Protein chains: 2
Amino acid sequence: MNETLYSAIKELKNLAGSKNIAYISSSELARKMGVSQQTASRIILELIKEKYIDRTIENRRQKIMIQEKALDLLYRELNELYSILKINQSFEMEGTVQNGLGEGKYYISKKGYMDQFKEKLKMEPFPGTLNIKINPEYENILRQVRGADGIIISGFKDRERTFGGVKCFNAHIDGIKCYLIFPERSVYTDIIEVISDKYLRQALSLKDGDIIKVNVDFEF
Amino acid sequence: MNETLYSAIKELKNLAGSKNIAYISSSELARKMGVSQQTASRIILELIKEKYIDRTIENRRQKIMIQEKALDLLYRELNELYSILKINQSFEMEGTVQNGLGEGKYYISKKGYMDQFKEKLKMEPFPGTLNIKINPEYENILRQVRGADGIIISGFKDRERTFGGVKCFNAHIDGIKCYLIFPERSVYTDIIEVISDKYLRQALSLKDGDIIKVNVDFEF
DNA sequence: ATTACTAGCACTCGAGTAG
DNA sequence: TCTACTCGAGTGCTAGTAA
């Protein structure tokens, strides 16, 4: 990753705001970045090639759409700085309890995962996940959490198929210790999966549709 | 500022930890950064020249001391990301009420400042400052706050001398709205000055030596 | 082992300019 | 006006090597 592209992404995201859409000419970007118009133009082309942005030219002006990959990069940088500067943060998110479909249970119970949970999380998880649909206003916090390095649970193979790696984050809900688990390769969903050594639905008296707060605890 | 130097500073600060001292050879830094040993060596020389680090060579190994200028850079980047990503933060710091010496009163009362306070902070400050010595464990938070862009109060001249610009941050102490004020040019002191439209010592029943919490409110 | 100089090469930048 | 191509110049890289 070229460092100049990072600076350009910052400029563009700053302009784009929460809609992630910016209208800017190459010479204007050039001026903001302190480079020539030609270089700015080349940077935009590179950003498109690397899928950090999408661009259309409408009525002689460029419409730049910031892509997930670019936001990922910015949040990753933010997390890296948190980590380097040893800034401890706790993030709160709010969401709605979802019907779990029993899929979680299938995955959690796999020996390949379970053994690692016991070893790395120092607990034996209840065989099932609590699924929470995070409210849209917490989208950015979720993105930041997802971009952080968690406790890595490696992928594995069994007779039938391959299971991908996941990463876990320390969290708590209403004082009950739990872990958020995400696929290691980032997937953009607003539904998070929570595991704990307790049956969370029971311990917290939850039913589908309940609104709850989840706190993610980072320590570097 | 070269972007490569920024990456190098991150690597070095990461290694250095809170003591801001790292022992690392140029080839090790080269490996971490994915460049040649020669380039890493040159980077270190540039960092020294630009006063981001200090270096001594003891018993064949380099001792690298991270300088304030480098920390400034990292915190500034962090703040820039906060701003770009519209992350609102509130920072809490703890400190001890200090004897103010009446200096604050002299400055605050200057028309050049007072007019701007009224206009930009939309309040008429009590003519005096509450000085708080921040506890060392909040040093990094203080650094981060100081590195942020606040509400700018421009410097001015009167008949006798020049008064430098200051920047203000929204804050509150025990629910009372106030502002932190810092000289615009960063100075490394652990004493902060607080102004408010109220006489804070009275409103909060404070005396020298009292320990209080200050919350700085950022909004981007 | 280190650090860091010199030489040469590669890559990135901006000027000129086309579409 | 815009964007973006080509090309020459200069920066910054690595390899070789000295200390």
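From a predicted model like this one, the values you see are computed outputs, not experimental measurements. A, B, ... follow the sequence lines: proteins, then strands. Residue 1 opens every chain.
A side-chain donor-acceptor contact under 3.5 Å links B:N131 and B:T129. Inspection of the B:D190 and B:Y138 side chains reveals no N or O donor paired with an N or O acceptor under 3.5 Å.
Counting any heavy atom pair closer than 4.0 Å across all strands shown, A:L45 reaches sugar-phosphate atoms only and no base atom.
At the phosphate of C:dG16, neither OP1 nor OP2 sits under 4.0 Å from any side-chain N or O atom of A:Q38. A close approach under 4.0 Å does occur between a side-chain nitrogen or oxygen of A:R55 and OP1 or OP2 of D:dA4. Contact annotation: B:S41 side-chain N/O to C:dT3 OP1/OP2 distance is not under 4.0 Å. Checking the phosphate oxygens (OP1, OP2) of D:dA4, no side-chain nitrogen or oxygen of A:R42 falls inside 4.0 Å.
B:M33 has its CE atom 13 Å from the C1' atom of D:dG12, to the nearest Å. One interatomic measurement links the two molecules: CG of A:L5 to C1' of C:dT12, which rounds to 12 Å at whole-angstrom precision. Here C:dG14 presents its C1' atom at 15 Å from CG of A:L29, a figure rounded to the nearest Å. Distance CD (B:E28) to C1' (C:dA4): 18 Å, rounded to an integer number of Å.
Counting only heavy atoms from C-beta on, A:T39 has its side chain closest to C:dG14 among C:dT3, D:dC2, C:dG14. The side chain of B:S27 has C:dT2 as its nearest neighbour among C:dT2, D:dG12, D:dA4. The side chain of A:S25 sits closest to D:dT3 out of C:dG14, D:dG12, D:dT3.
Taking for each of B:Q37 and B:I43 the nucleotide of DNA chain D with the nearest heavy atom, the 5'-most of the two is the partner of B:I43.
Between A:E80 and A:R76 no salt bridge is recorded (no basic side-chain N to carboxylate O distance below 4.0 Å).
Both tests pass for A:K177 against the ring of A:Y179: distance under 6.0 Å to the centre and angle within 45° of the axis.
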